[in-house]
Amino acid sequence: MDRIRRLYDELYTKYGPQGWWPVSGRYHPDDYSYPKTKKQRFEICIGAILTQNTNWPNVEKALINLQKNKLFDAKKILDADEDLLKACIRSAGYYNQKAKKLGIFSQFFIAQNKKIPLRDQLLALWGIGPETADSILLYAYMQPEFVVDAYTKRILLKRKLINENATYDEIKKLFEKNLPKKFELYQEFHALIVEEGKH
DNA sequence: TTCCAGGCAATAC
DNA sequence: GTATTGCATGGA
């Protein structure tokens with residue numbers, strides 16, 4: 001069952017290294033040492049929340065607004081005027097819900113200090129589901145947690161590697177069982193899947 | 001104009 | 001327990 005490995009090779013050959021997660025609007029193919037600072041880690045986390053069911057260009061606009069208003073910081077998000085925060089993230093859609101999610105996550109982020117969160121801790125937060133939790137762990141904390149999204153399911157379905165009613169955790173485990181447990185590989189693979197999905 | 005994008009929680013059945 | 005619905009913007 002190394003069709004998973006072959007899928008990775010195929011996509012990598014087709015698209016090359018993707019360099020996810022973008023930090024300050026920049027991708028960093030072949031440099032897996034991100035995030036380099038706590039601020040960058042926080043940026044990845046809020047990007048993961050903002051991108052829920054939304055395309056990335058809309059999220060980038062929101063991130064730029066947050067940056068301009070000096071809100072790239074958990075404490076500042078908590079202290080920020082609610083309307084200003086909502087105005088900043090408006091382009092990412094669902095701004096009422098997402099403003100609340102950013103607040104809840106910011107509180108958690110501060111309480112965690114530098115500790116790597118457990119997956120269950122993230123899932124217990126309002127507004128963090130499995131994909132966002134795994135994205136945060138994989139890209140912000142460099143933990144080998146495979147991220148499954150709508151594209152992943154679609155692509156595996158088309159290749160008949162899963163059936164229609166496969167759950168999030170089943171798909172996640174399919175990847176994790178068939179790949180070396182390396183965060184760099186997981187990061188690239190998920191990014192390649194999204195790239196393929198967009199085509 | 002309609003459709004959908006790197007989901008999630010609340011509600012309905 | 002599974003299925004459906006609300007949340008919202010911007011670009012194709």
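Numbers restart at 1 for each chain; the letters A, B, ... are given by sequence-line order, proteins then strands. Every heavy atom of this structure was used, including side-chain atoms; hydrogens, water molecules and symmetry mates were not.
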Lys153(A) NZ - dA5(B) P separation (whole Å): 14 Å
When all nucleic acid strands are considered with a 4.0 Å heavy-atom cut-off, which category describes Asp149(A): base, sugar-phosphate, or nothing? sugar-phosphate
May I ask you to decide if Ala92(A)'s main-chain N or O and Lys98(A)'s side chain share a donor-acceptor pair within less than 3.5 Å? yes
Both Ala92(A) and Lys61(A) contact DNA chain C. Which one's nearest nucleotide lies toward the 5' end? Ala92(A)
I want to check one thing: is the phosphate of dC7(C), taken as OP1 and OP2, less than 4.0 Å away from some side-chain N or O of Arg90(A)? no
If you compare every side-chain N and O of Asn53(A) against the phosphate oxygens of dG7(B) (OP1, OP2), does one of them come in below 4.0 Å? yes
Whole-Å gap separating C1' (dT9(C)) and CD (Glu60(A)): 15 Å
Side-chain contact test, heavy atoms from C-beta onward, threshold under 4.5 Å: evaluate it for Tyr94(A) versus Ile89(A) and give yes or no. no
Rounding to a whole Å, what distance do you find between Leu50(A):CG and dG10(C):P? 14 Å
Ile155(A) CD1 to dA5(B) P: how many Å, rounded? 12 Å
How would you list, by chain and number, every residue that makes a salt bridge (charged side-chain N to carboxylate O under 4.0 Å, His left out) with Arg6(A), sequence neighbours excluded? Asp2(A)
Mind checking whether Phe175(A) and Phe146(A) have parallel, tilted or perpendicular rings, split at 30° and 60°? parallel
Checking Glu145(A) against Tyr186(A): is there a side-chain donor and acceptor pair closer than 3.5 Å? no
Nearest-Å distance for atom pair CG/C1', residues Asn58(A) and dA8(C): 10 Å
Please tell me whether Phe42(A) and Phe72(A) form a close aromatic pair, meaning their ring centres lie under 6.0 Å apart. no
Would you call the rings of Phe189(A) and Tyr8(A) parallel, tilted or perpendicular, where under 30° means parallel and over 60° means perpendicular? perpendicular
Rounded to the nearest Å, what distance is computed from the CG atom of residue Leu63(A) to the C1' atom of nucleotide dT9(C)? 15 Å
How long is the line joining CD1 of Ile89(A) and C1' of dC7(C), in whole Å? 12 Å
Pick the C1' atom in dA5(B) and in dA3(C), then give their distance to the nearest Å. 22 Å
Hey, is the side chain of Tyr94(A) poking within less than 4.0 Å of OP1 or OP2 on dG6(C), counting only N and O atoms? no
Just how far, in rounded Å, is C1' of dG7(B) from CZ of Arg154(A)? 13 Å
Does Asn96(A) have a side-chain nitrogen or oxygen under 4.0 Å from the phosphate oxygens OP1 or OP2 of dA8(C)? yes
What string of B, S and - do you get for nucleotides 8-13 of chain B 5' to 3' if you count protein non-hydrogen atoms under 4.0 Å? SSS---
P atoms of dC8(B) and dG10(C), separation to the nearest Å: 22 Å
